[in-house]
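Single-structure report; data block below.
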Amino acid sequence: MGDETGTRHLLLLHGMGATGEVWLPWAPLLERRWAGRWLAPDLAGHGWSPQLPAYSFEALADRVVAGLGPVADRLGPRDRLVVLGHSLGGVVALALAARARQLPIDGVVGLGIKVAWSPAELDKARELAQRPVAWFASRDEAARRYLRVAGLAGLFAPDHPVVDAGLRREDGRWRLAMDPAAFAVGEPQLPALLAATDVPVLLARGEQDPMVSDAQLKELGVPVATLPGLGHNAHVEDPAVVLDLLAPFAAPGRP
């Protein structure tokens with residue numbers, strides 16, 4: 001899977017409520033612009049990934065590592081990983097890059113990470129985590145709910161194939177694949193996560209993202225990129241612009 005000089009492989013981590021399928025529109029771009037392989041797993045409790053007994057950023061990262069096992073076995077001795085995570089996935093990316101894990105990670109890009117959480121927001125998240133699974137009579141109803149929960153409403157149509165991984169049908173009814181308990185993952189401690197890693201980190205946000213500000217990111221003391229005209233799901237709105245953020249980590253031989 002590698003070569004004599006090593007290859008950088010790309011790990012893409014989705015946000016809360018979404019699935020790894022959200023990265024599928026990136027496939028044509030990655031085919032042209034990324035020399036290594038790319039992986040887009042479902043985080044625990046999302047899509048086809050089993051639930052966790054309790055959710056934390058470390059536990060989510062542990063599940064990603066476990067899923068990487070067969071892939072890691074095929075990595076060459078010089079091969080490395082670059083991790084791009086959106087929102088929740090960005091926090092998990094930083095947890096993966098902790099020096100204590102000793103993973104072969106060359107860099108992390110965290111996109112749209114919500115840094116500041118009010119007590120009311122944390123209370124709301126805990127309340128959502130305690131709600132029972134909601135059932136819907138039709139796929140369309142469930143799909144529209146999925147798109148709202150994942151923050152993808154208006155970016156994908158309800159009948160888009162990307163939506164399928166976020167839904168389950170049982171006994172003629174539909175529900176979201178996501179485990180509601182994942183909402184209780186808590187508030188990320190960004191300063192501690194950044195202090196625990198030695199790899200280069202870039203934090204990015206869409207200019208119109210209401211969940212995090214430039215000022216909040218700049219307080220963290222790492223490079224910050226603001227993407228003009230884009231919102232919280234910048235990776236869906238303009239994949240090429242977000243992929244450009246990875247240029248410093250791109251493998252040799254590609255533009």
Side-chain angles (χ1 to χ4, degrees), residues 11-25 39-68 85-93 95-96 111-114 117-188 209-211 231-233 235-236:
L11 178 62
L12 300 168
L13 302 178
H14 63 80
M16 180 73 76
T19 75
E21 298 289 301
V22 77
W23 301 101
L24 279 180
L39 306 92
D42 294 332
L43 296 177
H46 294 72
W48 294 102
S49 184
Q51 300 177 1
L52 289 171
Y55 289 87
S56 68
F57 300 111
E58 288 298 324
L60 288 163
D62 289 343
R63 178 67 63 79
V64 172
V65 172
L68 286 176
H86 171 245
S87 197
L88 168 65
V91 183
V92 176
L96 287 169
L111 173 66
I113 298 176
K114 182 174 172 59
W117 291 74
S118 69
E121 289 170 332
L122 291 170
D123 287 344
K124 178 63 175 178
R126 285 188 287 267
E127 189 269 327
L128 289 171
Q130 294 170 2
R131 290 185 182 180
V133 170
W135 292 92
F136 302 89
S138 69
R139 182 196 178 282
D140 185 70
E141 290 176 280
R144 293 180 186 279
R145 176 60 178 163
Y146 165 75
L147 290 169
R148 290 194 298 272
V149 168
L152 298 170
L155 297 174
F156 290 110
D159 60 354
H160 195 286
V162 163
V163 177
D164 290 338
L167 305 178
R168 295 291 176 270
R169 186 180 184 182
E170 298 178 17
D171 300 325
R173 299 183 300 167
W174 296 83
R175 64 173 177 86
L176 305 195
M178 179 189 176
D179 178 11
F183 281 115
V185 68
E187 180 179 9
D209 186 349
M211 298 184 70
H232 183 61
N233 282 281
H235 60 307
V236 178

Open item on the list: Measuring from atom NZ of K124 to atom CZ of F183, what distance do you get when rounded to the nearest 0.5 angstrom?
Closed with: 9.5 Å
Open item on the list: Please report the interatomic distance CG(L39) to CG(L68), rounded to the nearest 0.5 Å.
Closed with: 6.5 Å
Task: Contact list for residues 146-169, test side-chain hydrogen bond (donor to acceptor under 3.5 Å, both in side chains), sequence neighbours left out - done: R139-D164
Task: Aromatic contact, H14 with H235 (centres under 6.0 Å) - done: no
TODO: Of all the heavy-atom pairs spanning A44 and S49, show the shortest one and how long it is.
DONE: CA-OG, 3.3 Å
- [ ] Starting at CH2 of W135, measure out to CG of D171 and round the result to the nearest 0.5 Å.
- [x] 7.0 Å
Task: Heavy-atom closest pair, residues F57 and A95 - done: O-CB, 4.2 Å
Task: Side-chain heavy atoms of L128 within contact of V149, under 4.5 Å - done: no
Task: Point-to-point distance, once rounded to the nearest 0.5 Å, from CH2 of W174 to CG of L167 - done: 6.5 Å
Task: Beyond-backbone contact of V91 with V185, side-chain heavy atoms, under 4.5 angstrom - done: no
Open item on the list: Tell me the closest heavy-atom pair linking G15 and S87, and the distance in Å.
Closed with: CA-CB, 4.3 Å
Task: Shortest non-hydrogen contact from R63 toward Q51 - done: NH2-O, 3.3 Å
Task: Presence of salt bridge, R131 and E127, under 4.0 angstrom - done: yes
Task: Smallest separation among heavy atoms of G151 and N233, with atom names - done: O-ND2, 2.8 Å
Open item on the list: Any heavy-atom pair between the side chains of E187 and K114 that's under 4.5 Å?
Closed with: no
Open item on the list: Taking the side chain as everything from C-beta on, heavy atoms only, tell me whether P41 gets closer than 4.5 Å to L13.
Closed with: yes
Open item on the list: Return the CG to CZ distance between L152 and R144, rounded to the nearest 0.5 Å.
Closed with: 14.0 Å
Open item on the list: Restricting to non-hydrogen atoms, name the atom on G90 and the atom on I113 that form the minimum distance, rounded to 0.1 Å.
Closed with: C-CD1, 3.6 Å
Task: Under 3.5 Å: donor-acceptor pair, side chain of H86, backbone of L12 - done: no
Task: Gap between atom CG of L176 and atom OG1 of T19 - 0.5 Å precision - done: 11.5 Å
